[in-house]
Every structure is written in C-alpha cells, then in structure tokens.
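So the structure is just underneath, and the comments pick up after that.
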Amino acid sequence: MRRRIEEAAKAAKRDPASVTLVAVSKTFPIEDIRPVIEAGQRVFGENRVQEAMAKWPILREETPDIELHLIGPLQSNKAKEAVMLFDVIHTVDRDKIAAALAKEIESQGRHPKLLVQVNTGEEDQKAGISPLEAVAFVERCRKEHGLKIEGLMCIPPVDENPAPHFALLDQLADEAQVAWRSMGMSSDFEIAIGQGATHVRVGSAIFGHRDYPA
C-alpha cells in the first residue's frame, strides 16, 4: 500500500510524505486491527463514534501514538464523545454540528482537527454541504463558531468518474484557504493523489472486504 502511494505521488511530482494513509478500520474487531498497528500503521479511521469507543481506548492503551480520525457522519448528540476520542473529524457539514463541536472544544480544552465534508455529487442520500455553499460555510465556521478548519473531505458518487470530484474539492480547498484534502479510497486513491489529496482513506485494500455493510 505504501509503495502504491509513493508511486502515485511521484507520478504527480509530489513528495510521498505529503500524503497521509488513513487505514479505515470500521467494522473490524480489535484482533484484526492489531496486526496493522504492529506493521507500523498509526493513523486509523472509524465511521461511528460508538463503535470506536468500544475499540480504541483499549488499542491506544497498548499503542499511545495512534491518531484516530472520524470519517463517518456525526450527530450533534455525539459531539462530546467525538471531541473526547478523535484527533481529526472529517465530517463537519452543518451549523448545528459546528456549534456542538465548538461548545465541546471549549468545555474539554481538546482541539481535534476539523474538516468540512462536501457533497460534490449533490446526492440526496449522502451527507455533506453543497459545493456552492462550502466556502461560505468554512468562513462561517471560523467567524461565527470560532472553529479552525484544516481542510475539506469528499466521497464521490460510486457510479461516476471520481477525478472531476477530486478536482472540484481541490479547487474549493484553495478558495477556502485550507490545506488538507481528504479524498480517495481503496478503488481510487491513486487518482486522488494525482489531484492533490493529502489524506487517503483506505479500508478494504488493507483489511480485506467486510462481511457486512458499515
């Protein structure tokens, strides 16, 4: 996996160190995650706060330098646990979430890095803010909620060429003046790296296919 990331980065004339591999461990139990940690991986992604709370306190006790990312939708009533547990939250997409996170960050004194999720395909069933509203929302997060936004995240429609979606996210990130672009998964991360991805979220290519949907 690291070799493929390195090759994709070099093909794009980028430093491979500028791309962070987020190993997506959602639905996988502790015993499947430990070998990946033992192989040297330290950055992991989970979809659900509750599932992560059942696994990662144990794993972090064993390996304290783990960096944990929330890559699934966040409900405002889980903001407290999310701020407590995660180092990076990829899925800020509405004012209610921004306000809940701001309250918990102030209360806990813990500052996870935050990304805004953009629904580049404007799919009704998918979380994320409209591309047309993304830059203004980032600015609102800063000015009204006092949040520092590090970057943007997207999940392109499964039946479309992902490259234009990645290019759009890269453009919006420039307009919003944020550095991180979280884009690309097992099937398309090399394309995403070519379009400027700083974080690629890879699950099945590392852990194998899941037995049930996440």
Side-chain angles (χ1 to χ4, degrees), residues 12 14 18-20 22 43 45-47 49 67-157 160 162-185 188-189 191-201:
R14 296 181 57 197
S18 69
V19 182
T20 297
V22 181
V43 184
E46 288 284 343
N47 251 38
V49 174
E67 182 177 287
L68 193 57
H69 293 228
L70 178 64
I71 60 171
L74 175 61
Q75 302 301 319
S76 56
N77 64 355
K78 295 291 183 186
K80 180 177 181 179
E81 291 87 350
V83 169
M84 193 183 305
L85 184 63
F86 290 94
D87 302 296
V88 183
I89 297 170
H90 291 233
T91 50
V92 182
D93 66 353
R94 56 196 185 279
D95 284 284
K96 187 177 181 181
I97 292 295
L101 288 170
K103 178 184 174 184
E104 287 303 328
I105 286 168
E106 183 177 2
S107 172
Q108 297 184 35
R110 195 168 188 275
H111 296 267
K113 297 186 185 306
L114 305 175
L115 291 85
V116 166
Q117 181 173 354
V118 182
N119 186 349
T120 56
E122 301 200 68
E123 299 172 272
D124 291 339
Q125 79 281 11
K126 194 171 283 182
I129 196 157
S130 162
L132 295 174
E133 300 172 27
V135 176
F137 178 63
V138 170
E139 192 62 20
R140 204 157 65 243
C141 284
R142 291 170 176 150
K143 290 187 173 177
E144 294 185 17
H145 302 292
L147 296 174
K148 183 179 180 184
I149 302 297
E150 302 287 346
L152 304 180
M153 180 270 247
C154 76
I155 306 170
E160 292 185 22
H165 295 272
F166 297 151
L168 173 59
L169 196 82
D170 185 51
Q171 176 193 329
L172 290 171
D174 282 344
E175 291 176 16
Q177 298 182 309
V178 294
W180 290 8
R181 288 106 163 113
S182 171
M183 56 192 194
M185 298 187 284
D188 56 21
F189 70 87
I191 298 169
I193 290 170
Q195 297 281 2
T198 60
H199 294 71
V200 293
R201 311 179 306 271

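Between the side chain of R14 and the backbone N or O of I193 there is at least one donor-acceptor pair closer than 3.5 Å. Side chain of N119 to main chain of K126: a donor-acceptor pair is present (N/O by atom type, distance under 3.5 Å, no hydrogens or angles). Side chain of D188 to main chain of M185: a donor-acceptor pair is present (N/O by atom type, distance under 3.5 Å, no hydrogens or angles).
Side-chain contact between V116 and D93 is absent, with no heavy atoms from C-beta onward closer than 4.5 Å. Proximity of L172 to E175: side-chain heavy atoms (C-beta onward) are separated by under 4.5 Å at one or more points. Between F166 and R181, the closest side-chain pair of non-hydrogen atoms is not below 4.5 Å. At least one side-chain heavy atom of L101 sits under 4.5 Å from a side-chain heavy atom of L114. With a 4.5 Å cut-off on side-chain heavy atoms, R201 and I155 count as touching. Considering only heavy atoms from C-beta on, I97 stays 4.5 Å or farther from T91 through its side chain. When side chains are defined from C-beta on, V118 counts as touching L169, because their heavy atoms get closer than 4.5 Å. Considering only heavy atoms from C-beta on, T198 stays 4.5 Å or farther from V19 through its side chain.
Tested against L147 for a side-chain contact (heavy atoms from CB on, under 4.5 Å), the candidates E144, K143, H145 yield a single pass: H145. Test M153, H69, E150 against V88 for side-chain contact (heavy atoms from CB on, under 4.5 Å) and you get one pass: H69.
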Query - Working for salt bridge (Lys or Arg N to Asp or Glu O under 4.0 Å), residues D87 and R110 - result: CA-CA 9 Å; D87 302 296; R110 195 168 188 275; 2.9 Å; yes
Query - Trace of the salt bridge (Lys or Arg N to Asp or Glu O under 4.0 Å) decision for R142 with E139 - result: CA-CA 5 Å; R142 291 170 176 150; E139 192 62 20; 3.2 Å; yes
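A donor-acceptor contact under 3.5 angstrom links the side chains of H165 and T120, judged on distance only.
Ring geometry for H199 versus H90: interplanar angle over 60°, hence perpendicular rather than tilted (30 to 60°).
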